[in-house]
**Student:** 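Right, I'll just put the structure down here and ask away after.
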Amino acid sequence: MAKARTVKGRTNTLGVALIGTKFMGRAHSIAWANAPKFFDLPLAVQMVWTAGRDASETHEFARKWGWHASTIDWQEAVQSEQVQLVDIATPNDLHCEMALAALEAGRHVTCEKPLAGSLDDARAMRTAARKAAKRGVKTFVWFNYRRAPAVAFAHQLVAQGRIGRIFHIRAAYLQDWGGASTPLVWRFQAAHAGSGAHGDLNAHIIDMARFITGEEVTQVVGSLEETFIKERAVIADAKARGRKTMGRSTVDDCVLFLARMSGGAVASFEATRLATGNKNKNSIEINGELGSIRFNFERMNELEFWDESRPPAQRGWTNILCTEGVHPYMSNYWPSGHLIGYEHGFVSHAADIARVLGGAKSEVALADFEDAWKTQRVLEAAIRSARLRRPIALSEID
Ligand code: NAI
Ligand code: SOE
């Protein structure tokens with residue numbers, strides 16, 4: 001195992017320890033490596049430790065993705081004196097234990113979404129974050145879609161009053177990878193994931209709706225959850241015995257719900273992994289008195305805008321390519337018209353964390369554990385509403 005190198009001659013460094021080396025481990029590695037290249041940061045990012053489960057895989061990951069040292073004991077990374085920030089990119093059931101250990105050790109924490117697999121874990125994380133905040137320790141949650149320039153621009157348009165009073169929020173996160181041929185990975189096991197499409201995808205669109213409008217969900221009025229694919233192939237058994245063993249999926253394949261917002265708007269949210277033909281259609285439409293906006297991540301560089309203040313003859317949906325230097329984050333990347341992609345949201349996110357920890361301002365608000373807790377309560381309200389078959393006020397959940 002490689003040893004962490006001490007970075008000499010710099011006092012203003014941000015030593016990062018990443019836990020989790022697969023999908024998000026890769027996205028976060030790109031983010032930490034590229035943030036200092038694209039952004040002028042007040043702290044020098046050091047990719048110190050990465051922790052995974054398999055020693056040789058984790059070592060190879062560290063070598064390939066730019067981490068100084070690797071370990072299969074995440075506590076070793078968290079406790080390292082060279083680490084100021086712990087980055088959690090592991091399945092949802094592990095977020096709480098890892099975050100609590102890191103906060104206890106005085107490390108800042110940035111955790112993947114959803115904040116946790118359960119409300120109890122999320123509450124414990126919020127409580128620990130509140131305690132740690134008194135010692136100047138900060139928390140962050142990777143709600144990366146806030147940093148798609150088109151989404152951040154939508155937030156600006158709303159804040160500038162260009163949409164006016166909001167009537168409708170229509171949010172849907174549609175994917176189709178969860179068919180019957182997809183095996184029983186951790187995402188289909190409640191013990192690891194908490195929920196299925198709900199915590200995975202509704203968490204993003206609840207956060208996005210809250211972020212763009214600045215409104216909070218006050219009540220979930222009706223909700224439906226469904227598990228269409230009840231059994232899936234167990235991977236380990238299939239490999240070991242050369243035949244397919246089936247196991248029960250213990251999470252939803254989809255959850256849909258209606259909600260009321262603090263500003264009076266009505267909202268609908270839909271998350272599914274069975275929307276055949278939709279790959280990563282994270283979409284939201286907002287209708288207001290003065291205009292409307294539409295976003296779809298499958299065309300992430302674009303924002304559609306309807307401006308009701310224009311003369312009637314000139315009204316129509318305008319498709320804005322959000323790649324101008326004046327659009328959020330874009331002056332850090334490429335010239336006008338040169339598109340950015342999925343990873344840039346993570347790069348911008350890492351840059352904003354380094355800015356905040358270095359005493360500067362983030363370009364767009366970062367969700368902390370307190371903020372992500374608000375999204376988690378909405379997830380919980382939707383599930384209770386589906387199971388109890390009644391409206392649930394957010395005030396019922398604490
Ligand atoms: P994954 O299954 O691809 O990777 C999970 C990683 O956690 C693996 O490297 C695994 O070895 C590691 N791990 C598991 N137990 C561990 C332990 N005890 N010690 C150290 N490492 C351990 O999962 P993925 O897709 O990367 O998801 C991780 C988290 O990121 C989840 O909370 C998920 O909801 C979130 N996520 C967020 C996305 C976003 O858009 N912000 C996109 C995809 C996932
Ligand atoms: C899988 O549904 C997944 O990777 C989610 O876990 C992410 O949060 C989402 O951004 C993309 O899809």
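In listed order, ligands and their atoms are each counted from 1. Computed from a predicted structure; not experimentally measured. Reckoned from all heavy atoms, side chains included, excluding hydrogens, waters and symmetry mates. In what follows, residues are counted from 1 in the order of the sequence shown.
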**Student:** Short list, please: which atoms of ligand 1 are under 4.0 Å from a heavy atom of H95?
**Tutor:**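 Checking each atom against H95, I get 32 (O).
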
**Student:** Check the side chains of E76 and T71 for a donor-acceptor pair under 3.5 angstrom, ignoring hydrogens and angles.
**Tutor:**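 Distance-only check passes for T71 and E76.
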
**Student:** Please identify which atoms of ligand 1 are closer than 4.0 Å to at least one heavy atom of Y342.
**Tutor:**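 Answer for ligand 1: 40 (O), 42 (C).
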
**Student:** Answer with yes or no after comparing the ring centroid distance for H344 and Y333 against a 6.0 Å cut-off, counting only values under it.
**Tutor:**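 Under 6.0 Å, so yes.
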
**Student:** Any N/O of F23 closer than 3.5 Å to an N/O of ligand 1?
**Tutor:**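 Indeed, backbone or side chain, F23 has an N or O that close.
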
**Student:** Based purely on interatomic distance, does N280 place a nitrogen or oxygen under 3.5 Å from a nitrogen or oxygen of ligand 2?
**Tutor:**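 Not met; the criterion fails.
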
**Student:** How far is atom 12 (O) of ligand 2 from its nearest protein heavy atom, and which residue and atom is that?
**Tutor:**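 Scanning the protein heavy atoms, the shortest distance from atom 12 (O) of ligand 2 goes to Q175 NE2, 2.8 Å.
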
**Student:** Show the atoms of ligand 1 that are less than 4.0 angstrom away from any heavy atom in P91.
**Tutor:**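 Result: 5 (C), 7 (O), 14 (C).
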
**Student:** Any N or O on K113 sitting closer than 3.5 Å to an N or O of ligand 2?
**Tutor:**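 K113 vs ligand 2: N/O contact under 3.5 Å present.
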
**Student:** I need the atoms of ligand 1 closer than 4.0 Å to a non-hydrogen atom of I19, numbered in the order shown.
**Tutor:**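 Answer for ligand 1: 20 (C).
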
**Student:** Drop me the distance from S292's OG to L157's CG, to the nearest 0.5 angstrom.
**Tutor:**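 Rounded to the nearest 0.5 Å, the OG-CG separation comes to 11.5 Å.
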
**Student:** Starting from atom 10 (O) of ligand 2, find the nearest protein heavy-atom neighbour and note its residue, name and distance.
**Tutor:**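 So the nearest neighbour among protein heavy atoms is Y145 OH, 2.6 Å.
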
**Student:** Any N or O on W186 sitting closer than 3.5 Å to an N or O of ligand 1?
**Tutor:**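 So ligand 1 has an N or O lying under 3.5 Å from an N or O of W186.
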
**Student:** Atoms of ligand 1 less than 4.0 Å from A89 heavy atoms?
**Tutor:**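 Counting atoms of ligand 1 from 1, those under 4.0 Å from A89 are 5 (C), 6 (C), 7 (O), 28 (C).
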
**Student:** Can you find a non-hydrogen atom of R187 under 4.0 Å from ligand 1?
**Tutor:**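 For ligand 1, residue contact (heavy atoms, under 4.0 Å) with R187 is present.
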
**Student:** Closer than 4.0 Å to some heavy atom of W142 - which atoms of ligand 1 meet that?
**Tutor:**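 So the answer, numbered in order with elements, is 41 (N).
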
**Student:** If we set the cut-off at 4.0 Å for heavy atoms, which region of N144 has an atom near ligand 2: side chain, backbone, both, or neither?
**Tutor:**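 Neither; nothing of N144 gets under 4.0 Å from ligand 2.
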
**Student:** Considering non-hydrogen atoms of the protein only, which is the closest contact for atom 4 (O) of ligand 2, and what is the distance?
**Tutor:**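 Looking only at protein heavy atoms, the one closest to atom 4 (O) of ligand 2 is F23 CE2, 3.2 Å.
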
**Student:** Quick one: look up the protein heavy atom nearest atom 6 (O) of ligand 2 and list residue, atom name and how far away it is.
**Tutor:**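 That would be D200 OD1, 2.5 Å.
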
**Student:** Is the gap between the ring centers of F211 and F143 under 6.0 Å?
**Tutor:**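 Not close enough - the centres of the two rings lie 6.0 Å or further apart.
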
**Student:** Consider ligand 1: state whether an atom of it lies below 4.0 angstrom from any non-hydrogen atom of F143.
**Tutor:**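 Checking ligand 1 against F143, which is what was asked, there is no heavy-atom contact under 4.0 Å.
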
**Student:** Below the 3.5 angstrom mark, is there an N/O of G25, backbone or side chain, next to an N/O of ligand 1?
**Tutor:**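 In this structure, G25 places no N or O atom under 3.5 Å from an N or O of ligand 1.
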
**Student:** Any idea which part of N282 is under 4.0 Å from ligand 2, heavy-atom wise: side chain, backbone, both or neither?
**Tutor:**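 Within the 4.0 Å criterion, N282 makes no contact with ligand 2.
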
**Student:** Could you establish whether A27 and ligand 1 come within less than 4.0 Å of each other, counting only heavy atoms on the residue side?
**Tutor:**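 It does not; every heavy atom stays at 4.0 Å or beyond.
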
**Student:** Among all protein heavy atoms in this structure, tell me which lies nearest to atom 9 (C) of ligand 2, with the distance rounded to 0.1 Å.
**Tutor:**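 Residue, atom and distance for the closest contact: Y173 OH, 3.3 Å.
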
**Student:** Need the ligand 1 atom indices (1-based, order shown) with element for anything under 4.0 Å from a heavy-atom of N144.
**Tutor:**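 Atoms satisfying the 4.0 Å criterion: 39 (C), 40 (O), 41 (N).
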
**Student:** Do the charged groups of D371 and K113 touch, with an N to O distance under 4.0 Å?
**Tutor:**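 So D371 does not pair with K113 through a salt bridge.
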
**Student:** Could you tell me, atom by atom, which parts of ligand 1 come under 4.0 Å of a heavy atom of G20?
**Tutor:**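 What qualifies from ligand 1 is 6 (C), 7 (O), 9 (O), 12 (C).
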
